[in-house]
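Read the structure below first, then the notes.
Sequential numbering from 1 along the given sequence is applied to the chain's residues. Just so it is clear, the model here is predicted, and its values are computed rather than measured. Atom set for the values below is all heavy atoms of this structure, side chains included, hydrogens, waters and symmetry mates excluded.
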Amino acid sequence: QVQLVESGGGLVQAGGSLRLSCAASGRTFSSDRMGWFRQAPRIGREFVAAITWSDGSTYYAESVKGRFTISRDKAKNMLYLQMNSLKPEDTDVYYCAAPIVTIRSTYRADYWGQGTQVTVSS
């Protein structure tokens, strides 16, 4: 059984930083991509960033490029999202997800964490 457990969300002022973590267990995603989505009320889940577990290739939504950095620690089976220069519009519940595939230009995943709230005040 796959388990993805996020941590690190919280309240931060605009311009600040947060680091999200995701602990993965239950299977290895050695050839897959893992990543992050976010969801605001009344809006569907939005792709944020992904990383290919094997070679570290990264993918970002345009809205977070240059501000967010995704990384992984293969030895610890941990996924991270460093979020800098946060804006109020980054306020959302953030979800760790895997494996991430692209279907008709849309990112999708089979397994999801429980989500962690990120709130950015102006």
Side-chain angles (χ1 to χ4, degrees):
Q1 183 179 355
V2 174
Q3 276 199 315
L4 302 171
V5 180
E6 305 99 333
S7 61
L11 173 64
V12 65
Q13 288 189 331
S17 298
L18 280 175
R19 188 194 195 205
L20 304 184
S21 300
C22 174
S25 62
R27 61 166 275 190
T28 58
F29 296 95
S30 57
S31 61
D32 299 313
R33 291 182 291 186
M34 290 186 67
W36 298 90
F37 288 71
R38 62 188 182 186
Q39 182 168 20
R42 299 182 298 278
I43 298 175
R45 287 185 183 176
E46 173 191 21
F47 170 75
V48 175
I51 187 167
T52 302
W53 199 256
S54 57
D55 65 8
S57 300
T58 56
Y59 312 83
Y60 295 96
E62 285 296 325
S63 57
V64 306
K65 273 184 183 177
R67 300 188 299 122
F68 291 10
T69 302
I70 189 170
S71 63
R72 88 283 193 231
D73 185 325
K74 296 171 73 173
K76 296 181 180 178
N77 234 25
M78 292 290 295
L79 181 71
Y80 304 101
L81 185 67
Q82 178 66 43
M83 305 185 294
N84 298 329
S85 302
L86 282 161
K87 305 174 182 180
E89 52 263 43
D90 293 318
T91 295
D92 267 322
V93 178
Y94 284 71
Y95 296 89
C96 177
I100 294 178
V101 298
T102 307
I103 301 174
R104 296 178 184 174
S105 302
T106 301
Y107 289 94
R108 301 182 188 278
D110 289 335
Y111 299 101
W112 300 86
Q114 82 285 355
T116 186
Q117 177 70 47
V118 171
T119 302
V120 185
S121 62
S122 55

Checklist entry - Would you say Tyr111's side chain and Gln1's backbone share a donor-acceptor pair under 3.5 angstrom? => result no

Checklist entry - Is there a side-chain contact between Cys22 and Trp36 (heavy atoms, below 4.5 Å)? => result yes

Checklist entry - Considering only heavy atoms from C-beta outward, does the side chain of Val118 approach that of Arg38 to under 4.5 Å? => result no

Checklist outcome for this item: Closest non-hydrogen contact found for Cys96 with Leu79 is SG-CD2, 3.9 Å

Next on the checklist: I'd like to know if Val64 and Val93 are part of one continuous hydrophobic network [Ile/Leu/Val/Met/Phe/Trp/Tyr, side-chain heavy atoms within less than 4.5 Å].
Outcome noted: no

Checklist entry - Between atom NZ of Lys87 and atom OG of Ser122, what is the distance when rounded to the nearest 0.5 Å? => result 14.0 Å

Next on the checklist: For Val5, is there any backbone N or O sitting under 3.5 Å from a side-chain donor or acceptor partner on Gln114?
Outcome noted: no

Checklist entry - Quick one: does Phe68's side chain get under 4.5 Å of Leu86's, heavy atoms only? => result yes

Checklist outcome for this item: Here the gap from Ile51 atom CD1 to Arg72 atom CZ, rounded to the nearest 0.5 Å, amounts to 5.0 Å

Next on the checklist: Using side-chain heavy atoms (C-beta onward) and a distance below 4.5 Å, is Ser21 in contact with Met78?
Outcome noted: yes

Checklist entry - Are Ile100 and Val48 joined in one hydrophobic group, where the rule is that I, L, V, M, F, W and Y side chains link up if heavy atoms are under 4.5 Å apart? => result no

Item to check | Beyond-backbone contact of Glu89 with Val120, side-chain heavy atoms, under 4.5 angstrom | outcome: no

Checklist entry - Is there a path of hydrophobic side-chain contacts, each under 4.5 Å between heavy atoms of I, L, V, M, F, W or Y residues, that connects Met34 with Tyr80? => result no

Checklist entry - Roughly how far, to the nearest 0.5 Å, is CH2 of Trp53 from CG of Asn77? => result 5.0 Å

Checklist entry - Is there a side-chain contact between Pro99 and Asp110, using heavy atoms and a 4.5 Å cut-off? => result yes

Item to check | Separation between OG of Ser71 and CG of Leu81, rounded to the nearest 0.5 Å | outcome: 8.5 Å

Checklist entry - Are Met83 and Leu20 close enough, and set up right, to give a side-chain contact (heavy atoms from CB on, under 4.5 Å), and what steps lead you there? => result CA-CA 8 Å; Met83 305 185 294; Leu20 304 184; 3.8 Å; yes

Checklist entry - Quick one: are Tyr95 and Leu4 in side-chain contact, heavy atoms under 4.5 Å? => result no

Checklist entry - Are Gln117 and Leu11 close enough, and set up right, to give a side-chain contact (heavy atoms from CB on, under 4.5 Å), and what steps lead you there? => result CA-CA 8 Å; Gln117 177 70 47; Leu11 173 64; over 6 Å; no

Next on the checklist: Which label fits Tyr107 and Phe47: parallel for a plane angle under 30°, tilted from 30 to 60°, or perpendicular past 60°?
Outcome noted: parallel

Item to check | Taking every non-hydrogen atom, the tightest pair across Ser63 and Glu46 | outcome: OG-OE2, 3.8 Å

Item to check | Worked verdict on Asp92 versus Phe37 for side-chain contact (heavy atoms from CB on, under 4.5 Å) | outcome: CA-CA 10 Å; Asp92 267 322; Phe37 288 71; over 6 Å; no

Next on the checklist: Would Tyr59 and Thr52 count as a side-chain contact (heavy atoms from CB on, under 4.5 Å) here? Give the steps.
Outcome noted: CA-CA 9 Å; Tyr59 312 83; Thr52 302; 3.5 Å; yes

